[in-house]
Amino acid sequence: MTAASSSSAPVVDLRSDTVTRPSRAMREAMANAEVGDDVYGDDPTVNALEHEVADLLGFEAGVFCPSGSLANQLGLRLLVSAGQELVCDFTAHVVRAELGAAATFSQITTRTWQSDRGLLDADTVAGVITPNAGPYLVSTAAIAVENTHNFGGGTVQSVKQLQAVRELATEHGLGLHLDGARLWNAHVATSTPLAELAAGFDTVSVCLSKGLGAPIGSVLVSTTERIAAARVWRKRYGAAMRQVGIIAAAGRYALAHNIDRLAEDHARARLLAEALGSSAEAAPTNIVVLDVPDAPALAVAAREHGVWVSVLGRRTLRLVTHLDVDDNGIDRAIDVLRPLVLT
Ligand SMILES: *Cc1c(COP(=O)(O)O)cnc(C)c1O
């Protein structure tokens with residue numbers, strides 16, 4: 001199929017893996033969910049989901065959240081007091097895409113380190129932290145790590161660097177937060193157990209609404225004590241929900257059915273990257289970041305042919321594969337994007 005003839009075909013939406021719609025089977029699981037008032041701890045489906053995620057990640061407890069941003073922000077405020085500092089990569093979601101929440105709600109200041117595609121380097125982190133800085137400099141209280149790294153292009157953190165950052169945090173008594181919105185993708189790409197990827201962190205957030213295909217939902221895991229405190233703050237923020245098992249059921253369905261299939265999204269992302277002149281290594285998981293001369297113009301041109309992509313910067317496009325894009329969709333995307341990208 002040529003680009004010109006494809007405009008009446010269904011849209012291929014590669015803007016994000018958040019655009020998926022719940023499948024019929026997922027909707028059935030939602031319709032049949034047992035529910036109760038979760039503010040009273042009475043929703044059996046929410047309780048089951050929180051236990052499942054905590055178990056998978058090797059933690060004591062979890063709390064269900066309506067968004068990954070909230071799960072991150074609850075985690076961060078448990079580790080960093082007002083006037084203290086969080087350090088993270090300069091393109092981390094917590095500092096770039098949560099609209100200043102750590103400063104706005106928790107009075108946390110932030111300093112960042114430069115990275116290559118979001119990849120963690122413990123020596124760089126060691127050069128940034130200022131623990132127990134006394135009355136002159138801001139004291140660093142926690143380090144945030146993102147795995148996989150969204151704006152870095154779905155990059156996977158090396159187990160060696162994760163270990164080194166853990167040691168650094170322990171040595172200096174710093175908290176360690178993992179933004180694991182796409183930790184599932186890192187797990188599938190490397191065959192490393194989820195609990196190993198999450199080990200050593202004090203708080204970990206994961207999203208059910210990205211590649212796993214649930215319509216809503218994230219979970220923050222930590223110790224029983226910290227999660228009890230997170231529940232208080234979740235309610236204070238107005239985000240404690242009632243018969244929310246209807247939504248948690250989608251998350252449970254996603255955990256049971258949609259983790260292993262992420263390998264398909266990764267294979268399709270590699271295919272896209274190679275067809276668009278990048279190397280397969282440029283798409284380590286389900287995200288392809290492209291450097292183009294004029295990203296907004298290219299996105300408009302692609303959209304005219306039914307292929308939707310994200311503009312991350314003047315020269316940067318992002319394409320994300322997910323469970324609502326099949327092989328035909330990828331073929332169409334390549335037909336449309338290739339002539340636009342390879343000119
Ligand atoms: C999507 C995402 C989040 C959470 O986003 P919400 O839209 O608030 O659910 C957090 N971190 C990363 C890296 C993400 O990609």
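As the structure lists them, so they are numbered: ligands from 1, and atoms in each ligand from 1. Along the sequence shown, residues are numbered consecutively beginning with 1.
- For atom 10 (C) of ligand 1, the nearest non-hydrogen atom of the protein is His93 ND1, 3.3 Å.
- Looking only at protein heavy atoms, the nearest one to atom 9 (O) of ligand 1 is Gly68 N, 2.8 Å.
- Ligand-side atoms of ligand 1 in range of Ser67: 8 (O), 9 (O), range being under 4.0 angstrom from any heavy atom.
- Of the heavy atoms in Asn72, only side-chain atoms (C-beta onward) come closer than 4.0 Å to ligand 1.
- When each atom of ligand 1 is checked for a heavy atom of Glu146 under 4.0 Å away, the hits are 13 (C).
- Closest to atom 8 (O) of ligand 1 among all protein heavy atoms lies Ser69 OG, 2.6 Å.
- If you look at Arg182 next to ligand 1, the close heavy atoms, those under 4.0 Å, all belong to the side chain.
- By the side chain to side chain contact (heavy atoms under 4.5 Å, CB included) test, Ala54 pairs with Val221, sequence neighbours left out.
- Taking Asp38 as the reference, Asp43, Val46, Asn47, Arg234, Val244 meet the side chain to side chain contact (heavy atoms under 4.5 Å, CB included) condition, with sequence neighbours excluded.
- Looking only at side-chain heavy atoms (C-beta outward), Leu174 and Pro131 come within less than 4.5 Å of each other.
- For the atom pair OG1 of Thr203 and CG of Leu176, the computed distance is 8.0 Å after rounding to the nearest 0.5 Å.
- Ring orientation note: the planes of Phe151 and His93 are close to parallel, at an angle under 30° on the 30°/60° scale.
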field: salt bridge (Lys or Arg N to Asp or Glu O under 4.0 Å) evaluation trace for Arg268 with Glu264
entry: CA-CA 6 Å; Arg268 291 185 180 118; Glu264 293 175 35; 3.6 Å; yes
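- In this structure, Leu220 CG and Glu50 CD are separated by 10.0 Å, a value rounded to the nearest 0.5 Å.
- The protein heavy-atom contact nearest to atom 11 (N) of ligand 1 is Asp179 OD2, 2.6 Å.
- Scanning the protein heavy atoms around atom 14 (C) of ligand 1, the nearest turns out to be Lys210 NZ, 2.8 Å.
- On a distance-only criterion, Asn150 and ligand 1 share at least one N/O pair closer than 3.5 Å.
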